[in-house]
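As structure tokens, the structure follows; a few thoughts come after it.
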Number of protein chains: 2
Amino acid sequence: MTTPLEKARKDPESMKARILDCARRIFGQYGFHGTTTRMIAQAVGIDISTLHYHWGGKKDLYESVVVDINKDLRQKLIEVEKAIHGLPLSERLDISIDLTTDYLFEHPEISNLILFRYFGKTRSNGNIDSIIPEFAADIARSMGLAQDKKNVAPETMMKVLAVMNSIHNFISGEGFFQDMVKVERERYIALVKETLKFIHIPAFTQSDAK
Amino acid sequence: MTTPLEKARKDPESMKARILDCARRIFGQYGFHGTTTRMIAQAVGIDISTLHYHWGGKKDLYESVVVDINKDLRQKLIEVEKAIHGLPLSERLDISIDLTTDYLFEHPEISNLILFRYFGKTRSNGNIDSIIPEFAADIARSMGLAQDKKNVAPETMMKVLAVMNSIHNFISGEGFFQDMVKVERERYIALVKETLKFIHIPAFTQSDAK
DNA sequence: CTGTGATTCAATCATTTGATGGATATGAAA
DNA sequence: TTTCATATCCATCAAATGATTGAATCACAG
């Protein structure tokens with residue numbers, strides 16, 4: 001049986017998919033409470049009731065969005081993992097940062113939504129991010145910091161979180177930070193990669209040598 | 001002339017101050033749109049109209065909160081700067097991380113609010129964080145990465161942002177991350193410090209040696 | 001005690017917002 | 001053509017929410 005989300009992903013031109021795309025972007029910019037169903041409907045160019053017809057309600061739509069971005073991110077991480085397989089650690093980090101950063105700059109709503117879920121509370125909260133720890137564990141393994149996905153040491157988990165978050169920060173805070181350093185977009189993206197490598201590569205390669 | 005905010009800070013028992021305290025906490029947890037004036041009033045134990053009497057309106061109160069936390073953070077940064085003055089870089093980092101982390105874990109709403117302002121949009125946005133770039137420049141100077149507060153290189157600014165953000169991340173994401181690594185609060189705080197030092201000290205000391 | 005300004009609250013308003021019901025259109029199947 | 005499921009919109013509702021008004025209460029100087 002196909003869920004509404006699978007149906008939407010199958011045909012990107014369908015109304016379901018168009019709504020989902022706009023919802024991703026707007027929920028990412030304004031968060032759950034900062035977004036109104038009317039804002040999304042207007043962005044799609046439809047009536048609110050059409051939105052409700054396809055996705056049930058605001059909360060249902062939001063949860064679909066979260067599942068959707070998690071799916072996309074997981075897909076990308078698998079891709080990155082393949083690209084770096086077998087390389088030495090410093091190169092793995094270098095390439096991972098390049099690929100992930102490029103991808104997220106093209107889909108900033110992913111970083112936006114993830115940070116919103118980390119740092120903000122929703123007045124009625126269910127937890128639909130049980131997949132995130134799995135991401136972190138996957139990354140830990142693919143970076144050679146853990147043997148298997150189960151039983152990743154807390155220290156390792158924290159290091160992986162630090163790397164993931166620092167990337168999301170620069171993507172999601174682009175508006176704020178770019179204005180702060182007063183550079184154009186292309187330059188900002190280059191600066192982000194440079195800074196991430198400056199910060200993270202010494203830490204992990206040093207501990208590797210020990 | 002004294003602003004309402006100065007008046008509130010003078011007498012911590014005053015109604016103005018009590019409202020401001022609760023507002024800090026709740027705006028920090030739920031963000032601007034996720035917070036209702038009724039939530040704040042209930043937390044203080046007063047009527048909504050009393051809140052309006054003292055602070056004008058939701059937006060005014062929110063802006064006062066932002067100014068207030070920026071003031072607190074600035075104060076703390078000056079304090080930290082004094083404590084590390086003259087020490088070698090790796091020790092400056094070590095101590096800065098300890099002091100700042102301890103302080104922010106005691107006042108998590110500071111990290112919460114700052115991240116909300118970085119990553120989220122408010123439907124009607126004015127920018128009242130013109131002070132943040134100044135923080136970054138201050139830190140850059142006090143870490144010996146820049147000569148004067150004016151003309152801090154973009155590369156340097158980005159590095160400082162990376163450090164600041166990584167701290168805020170672990171404070172503000174405590175609920176999420178602590179659950180992820182499955183440890184108690186004290187252990188989590190220790191892990192945060194350890195991880196921050198692991199990540200940042202090699203980067204800056206290595207480039208220092210070059 | 002009295003008067004006066006400051007403070008607080010109950011009641012209420014206007015707007016926003018999530019949601020629904022019913023009418024209409026479209027197109028495929030019978 | 002008729003029938004029926006799908007899809008869309010218009011009108012509207014009920015609750016939530018930011019804000020205001022006016023009366024009651026308090027603090028305290030005179």
Side-chain angles (χ1 to χ4, degrees), chain A residues 1-8 10-24 26-27 29-66 120-126, chain B residues 1-8 10-24 26-27 29-66 120-126:
Chain A
M1 182 220 144
T2 56
T3 67
L5 208 141
E6 284 160 357
K7 209 148 74 180
K10 201 175 291 179
D11 176 9
E13 291 309 310
S14 70
M15 182 56 71
K16 271 193 168 51
R18 285 170 54 207
I19 295 173
L20 194 68
D21 277 353
C22 288
R24 271 174 68 137
I26 299 180
F27 275 131
Q29 287 181 325
Y30 298 96
F32 180 77
H33 289 296
T35 300
T36 69
T37 54
R38 282 168 176 82
M39 287 163 70
I40 298 171
Q42 189 179 19
V44 185
I46 57 169
D47 190 89
I48 351 165
S49 50
T50 303
L51 185 151
H52 278 79
Y53 173 77
H54 285 287
W55 290 105
K58 185 186 182 184
K59 200 156 175 52
D60 307 278
L61 176 54
Y62 178 70
E63 296 193 353
S64 296
V65 164
V66 173
K121 284 184 177 145
T122 311
R123 271 174 255 163
S124 65
N125 244 336
Chain B
M1 181 216 144
T2 56
T3 66
L5 209 141
E6 284 160 358
K7 209 146 79 183
K10 202 176 292 179
D11 176 10
E13 291 309 311
S14 71
M15 183 56 74
K16 270 191 168 51
R18 284 171 55 206
I19 295 174
L20 193 69
D21 277 352
C22 288
R24 272 173 67 138
I26 299 180
F27 275 130
Q29 287 182 324
Y30 298 96
F32 180 77
H33 290 296
T35 300
T36 68
T37 53
R38 281 169 175 80
M39 286 164 71
I40 298 172
Q42 190 180 19
V44 185
I46 57 170
D47 190 88
I48 353 165
S49 49
T50 303
L51 187 150
H52 279 79
Y53 173 77
H54 285 286
W55 289 105
K58 185 187 181 183
K59 201 156 175 48
D60 306 278
L61 176 54
Y62 177 70
E63 297 194 352
S64 295
V65 164
V66 173
K121 285 184 178 143
T122 312
R123 272 175 254 163
S124 65
N125 242 338

query: Taking the side chain of Thr50(B) as heavy atoms from C-beta outward, which of dC9(C), dT8(D), dA19(C) is closest to it?
result: dC9(C)
query: Within 45° of the ring axis of Phe32(A) and under 6.0 Å from its six-membered ring centre, is that where the NZ or CZ of Lys121(A) lies?
result: no
field: Side chains of Val44(B) and Thr50(B) in contact at under 4.5 Å (non-hydrogen atoms)
entry: no
- request: Starting from P on dA27(D), measure out to CE on Met15(B) and report it in whole angstrom.
  value: 12 Å
statement: In whole angstroms, the gap separating P of dT20(D) from CD1 of Ile48(B) amounts to 12 Å
statement: Ranking Arg38(B) and His33(A) by the position along DNA chain C of their nearest nucleotide, the one closer to 5' is Arg38(B)
message: What is the separation between atom NZ on Lys58(B) and atom P on dA19(D), rounded to the nearest whole Å?
response: 8 Å
- request: Can you tell me the distance, in whole Å, between the CG atom of Asp47(B) and the C1' atom of dG18(D)?
  value: 13 Å
task: To the nearest Å, give me how far apart CG (Leu51(B)) and P (dA19(D)) are.
output: 9 Å
message: Is any side-chain heavy atom of Thr36(A) closer than 4.5 Å to one of Tyr30(A)?
response: no
- request: Answer yes or no: side-chain N or O of Ser49(B) and base N or O of dA10(C) forming a donor-acceptor pair under 3.5 Å.
  value: yes
message: Can you measure His52(B) atom NE2 to dA10(C) atom P for me and round it to whole angstrom units?
response: 16 Å
message: Check the phosphate of dT8(D) against His54(A), side-chain N and O only, distance under 4.0 Å to OP1 or OP2. Yes or no?
response: yes
task: Answer yes or no: does a side-chain N or O of Tyr53(A) lie under 4.0 Å from OP1 or OP2 of dA7(D)?
output: yes
field: Rounded distance (Å) that lies between atom P of dT17(C) and atom CD1 of Ile40(A)
entry: 12 Å
- prompt: Any side-chain heavy-atom pair from His52(B) and Lys58(B) closer than 4.5 angstrom?
  reply: no
- request: Using a 4.0 Å heavy-atom cut-off across all strands, classify Ile46(B) as base, sugar-phosphate, or nothing.
  value: sugar-phosphate
- prompt: Arg123(B) side chain N/O closer than 4.0 Å to the phosphate oxygens (OP1, OP2) of dT17(C)?
  reply: yes
- prompt: Below 4.5 Å, heavy atoms only, C-beta onward: do Leu51(A) and Ile40(A) meet side chain to side chain?
  reply: yes
field: Phosphate OP1/OP2 of dG18(C) contacted by Thr37(A) side-chain N/O (<4.0 Å)
entry: yes
- prompt: For Gln42(B) and dA10(C), what is the distance between atoms CD and C1' respectively, to the nearest whole Å?
  reply: 16 Å
